[in-house]
Engineer: 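Here you go, one structure.
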Amino acid sequence: MPMDMKKTKDEIQWEMIQNRFLSYDQEKFIRIFNLEHDEDQILITFLGRDYKINRKTGLMFDGERQASIDETVSVYELLTNSEHAPVLTGKWESVASLCTNTTDTSLGRYIEYLKPFQDNIELMQSTLISMGAEPQKKGDVSAILTVFPNVPVWFQYWAADDEFPASIQFLFDAGIAEHFRWSLLWNLMTMITDRMLETAGLEQ
């Protein structure tokens, strides 16, 4: 194959994602999640937005925009790795308790991602609410977002003061462990912070 015809890393990754999705029994996860669908597409809500999955190509769209690799992988991870719909346990777990096979559970990177909000935590809270989150009382900013139906994430943020630096927490319902590999939990947290910045018009 000529050099100028070689596939890029992104092209190879997209091909793998599409082929993997198309190899699964679509009727199975349509039934498990009771998804609206027809012969051409499947509809699913992710982080408050309605996405369409092309059943023939394996590509996912937010309106006319093709979803990013991270969005697509997050949705497909849930659909293709679930033997049943998520069931809420009512028990909140930290990332550290869920990701027992890694020692890197620091959330400092997410504080850095959200620095554009640091002087306006009221905007952070109102942004979460505009994303469909339900406000809570723990933390300076606190809200529960629905990532997928029955997949909530409790976002908590404490602003820096004279004694302590800013801190952040993402809590997941314990039932999430049956549906996502630990690495995808980090992907979901990144997607949440990216969506917050985008919604507030603060993306860099």
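These numbers were taken from a predicted model, which means no experiment stands behind them.
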Engineer: Between L98 and W92, is there a shared hydrophobic cluster once you connect ILVMFWY residues whose side-chain heavy atoms come closer than 4.5 Å?
Structural biologist: no
Engineer: Rounded to the nearest 0.5 Å, what separates atom CG in L202 from atom CG in L114?
Structural biologist: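 The distance works out to 9.5 Å.
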Engineer: Can you get from L128 to L197 by hopping between Ile, Leu, Val, Met, Phe, Trp and Tyr side chains that sit under 4.5 Å apart?
Structural biologist: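 They do share one cluster, since a chain of ILVMFWY contacts under 4.5 Å joins L128 to L197.
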Engineer: Of all heavy-atom pairs between A133 and L145, which one has the smallest distance, and what is that distance?
Structural biologist: CB-CG, 3.8 Å
Engineer: State whether the side chain of E83 and the backbone N or O of N81 hold a donor-acceptor pair below 3.5 Å, judged by distance alone.
Structural biologist: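 Side chain of E83 to backbone of N81: no pair is present.
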Engineer: What I'd like to find out is whether the side chain of Q169 reaches to under 4.5 Å of the side chain of L107, using heavy atoms alone.
Structural biologist: yes
Engineer: Where is the tightest heavy-atom contact between P135 and I129, given as atom of each residue plus distance?
Structural biologist: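 Here P135 and I129 meet closest at CG-CD1, 4.1 Å.
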Engineer: If only atom types and distance count, is the side chain of N187 paired as donor or acceptor with the main-chain N or O of D70 below 3.5 Å?
Structural biologist: yes
Engineer: Determine whether F180 and L78 satisfy the following criterion, side chain to side chain contact (heavy atoms under 4.5 Å, CB included), listing intermediate values before the conclusion.
Structural biologist: CA-CA 6 Å; F180 288 94; L78 175 75; 3.7 Å; yes
Engineer: Are there over 12 heavy-atom neighbours, none belonging to E36, within less than 6.0 Å of that residue's CD?
Structural biologist: no
Engineer: Quick one: does V151's side chain get under 4.5 Å of H179's, heavy atoms only?
Structural biologist: no
Engineer: State, to 0.1 Å, how close D140 and A159 come at their nearest heavy-atom pair, and which atoms those are.
Structural biologist: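 So the minimum-distance heavy-atom pair works out to OD2-N, 2.7 Å.
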Engineer: Quick one: do F61 and I30 end up in the same hydrophobic cluster if we chain Ile, Leu, Val, Met, Phe, Trp and Tyr together by side-chain heavy atoms under 4.5 Å apart?
Structural biologist: yes
Engineer: How long is the gap from OG on S68 to CE on M60, to the nearest 0.5 Å?
Structural biologist: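 That separation rounds to 7.0 Å.
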Engineer: I'd like to know whether T193 forms a side chain to side chain contact (heavy atoms under 4.5 Å, CB included) with M189, so could you lay out the CA-CA distance, the side-chain angles of the two residues, the decisive distance to 0.1 Å, and finally the verdict.
Structural biologist: CA-CA 6 Å; T193 53; M189 293 188 295; 5.9 Å; no
Engineer: Hey, could you give me the CD1/CD distance between I144 and E134, rounded to the nearest 0.5 Å?
Structural biologist: 6.5 Å
Engineer: Sub-3.5 Å donor-acceptor pair from the side chain of R49 to the main-chain atoms of D62, do we have one?
Structural biologist: no
Engineer: Have E178 and H84 got a donor and an acceptor in their side chains that come within less than 3.5 Å?
Structural biologist: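 H84 and E178 do have a side-chain donor-acceptor pair below 3.5 Å.
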Engineer: Are H37 and Q26 close enough, and set up right, to give a side chain to side chain donor-acceptor pair (under 3.5 Å), and what steps lead you there?
Structural biologist: CA-CA 10 Å; H37 66 285; Q26 296 180 19; over 6 Å; no
Engineer: Using a strict 4.0 Å threshold on nitrogen-to-oxygen distance, state whether E39 and K56 make a salt bridge.
Structural biologist: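 No, this pair does not count.
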Engineer: State whether the side chain of D173 and the backbone N or O of G90 hold a donor-acceptor pair below 3.5 Å, judged by distance alone.
Structural biologist: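 Yes; at least one donor-acceptor contact below 3.5 Å.
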Engineer: Under 4.0 Å between a side-chain nitrogen and a carboxylate oxygen: does that hold for E112 and K115?
Structural biologist: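 Salt bridge between E112 and K115, a charged N being under 4.0 Å from a carboxylate O: yes.
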Engineer: Report yes or no: do I12 and F21 belong to one cluster of Ile/Leu/Val/Met/Phe/Trp/Tyr joined by side chain heavy-atom distances under 4.5 Å?
Structural biologist: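 As far as the 4.5 Å side-chain criterion goes, F21 and I12 are not connected within one cluster.
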Engineer: Might you work through the side chain to side chain contact (heavy atoms under 4.5 Å, CB included) test for F172 and S94, ending with a clear yes or no?
Structural biologist: CA-CA 6 Å; F172 293 84; S94 68; over 6 Å; no
Engineer: Can you check whether M196's main-chain N or O pairs, donor with acceptor, with T199's side chain at less than 3.5 Å?
Structural biologist: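 No, T199 side chain to M196 backbone: no donor-acceptor pair under 3.5 Å.
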Engineer: Is the ring centre of Y157 less than 6.0 Å from the ring centre of Y110?
Structural biologist: no
Engineer: Donor-acceptor pair, S97 side chain versus E93 backbone, under 3.5 Å?
Structural biologist: no
Engineer: Does R20 come within less than 4.0 Å of E15, counting only side-chain N to carboxylate O?
Structural biologist: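 Result for this pair is no, no salt bridge flagged.
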Engineer: Can any side-chain N or O of Q18 pair as donor or acceptor with the backbone N or O of T57 at less than 3.5 Å?
Structural biologist: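 Yes; at least one donor-acceptor contact below 3.5 Å.
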Engineer: Considering all heavy atoms of both residues, which atom of S142 and which atom of K137 are nearest to each other, and what is their separation?
Structural biologist: OG-N, 4.3 Å
Engineer: Taking all non-hydrogen atoms of both residues into account, name the closest pair between T127 and A200 and its distance.
Structural biologist: OG1-CB, 3.5 Å
Engineer: Does the side chain of K138 reach to within under 4.5 Å of the side chain of W158, using non-hydrogen atoms?
Structural biologist: yes
Engineer: A side-chain contact here means heavy atoms from C-beta on lying under 4.5 Å apart; do I53 and V75 qualify?
Structural biologist: yes
Engineer: So, do I176 and V153 sit near enough that their side-chain heavy atoms are less than 4.5 Å apart?
Structural biologist: no
Engineer: Stepwise, does the ring pair (Phe, Tyr, Trp, His ring centres under 6.0 Å) test hold for F46 with F148?
Structural biologist: CA-CA 5 Å; F46 173 54; F148 299 102; 4.9 Å; yes
Engineer: Determine whether the aromatic ring centres of F155 and F170 lie less than 6.0 Å apart.
Structural biologist: yes
Engineer: Can you measure from NZ (K28) to CG (L79) and round to the nearest 0.5 angstrom?
Structural biologist: 11.5 Å
Engineer: Can you confirm whether more than 12 heavy atoms, excluding those of Q118, are under 6.0 Å from its CD atom?
Structural biologist: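 More than 12 heavy atoms, drawn from other residues, nucleotides or ligands, come within 6.0 Å of this atom.
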Engineer: When you measure from the side chain of N150 to the backbone N and O of P86, does any donor-acceptor pair fall under 3.5 Å?
Structural biologist: yes
Engineer: Which pair of non-hydrogen atoms, one from A166 and one from A160, has the smallest distance, and what is that distance?
Structural biologist: N-CB, 3.5 Å
Engineer: With distance as the sole test, does Q66 use its side chain to make a donor-acceptor pair with the main-chain N or O of L59 at under 3.5 Å?
Structural biologist: no
Engineer: Is it true that V141 and L171 fall in one hydrophobic cluster, defined by side-chain heavy atoms closer than 4.5 Å?
Structural biologist: no
Engineer: Kindly indicate, with the supporting measurements, whether the criterion side chain to side chain donor-acceptor pair (under 3.5 Å) is fulfilled by S74 and E71.
Structural biologist: CA-CA 5 Å; S74 296; E71 289 170 299; over 6 Å; no
Engineer: Hey, are R65 and E198 close enough for a salt bridge, meaning a charged N less than 4.0 Å from a carboxylate O?
Structural biologist: no
Engineer: Calculate, to the nearest 0.5 Å, the distance between atoms CD1 and CH2 belonging to I17 and W14 respectively.
Structural biologist: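 Interatomic distance, I17 CD1 to W14 CH2, rounded to 0.5 Å: 5.5 Å.
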Engineer: Would you sort out whether Y51 and T45 count as a side chain to side chain contact (heavy atoms under 4.5 Å, CB included), showing the intermediate values?
Structural biologist: CA-CA 6 Å; Y51 290 79; T45 301; over 6 Å; no
Engineer: With a 4.0 Å cut-off, would you call D40 and R55 a salt bridge?
Structural biologist: no
Engineer: Between E11 and K9, does any side-chain N to carboxylate O distance fall below 4.0 Å?
Structural biologist: no
Engineer: State, yes or no, whether a side-chain contact exists between F33 and I44 at a heavy-atom distance under 4.5 Å.
Structural biologist: no
Engineer: Can you find a pair of side-chain heavy atoms, one from L188 and one from L47, that are under 4.5 Å apart?
Structural biologist: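 Answer no - side chains too far apart.
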Engineer: Calculate, to the nearest 0.5 Å, the distance between atoms CG and CD belonging to L35 and E27 respectively.
Structural biologist: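 Between atom CG of L35 and atom CD of E27 there are 10.5 Å.
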Engineer: How about F29 and Y24: are their ring centroids closer than 6.0 Å?
Structural biologist: no
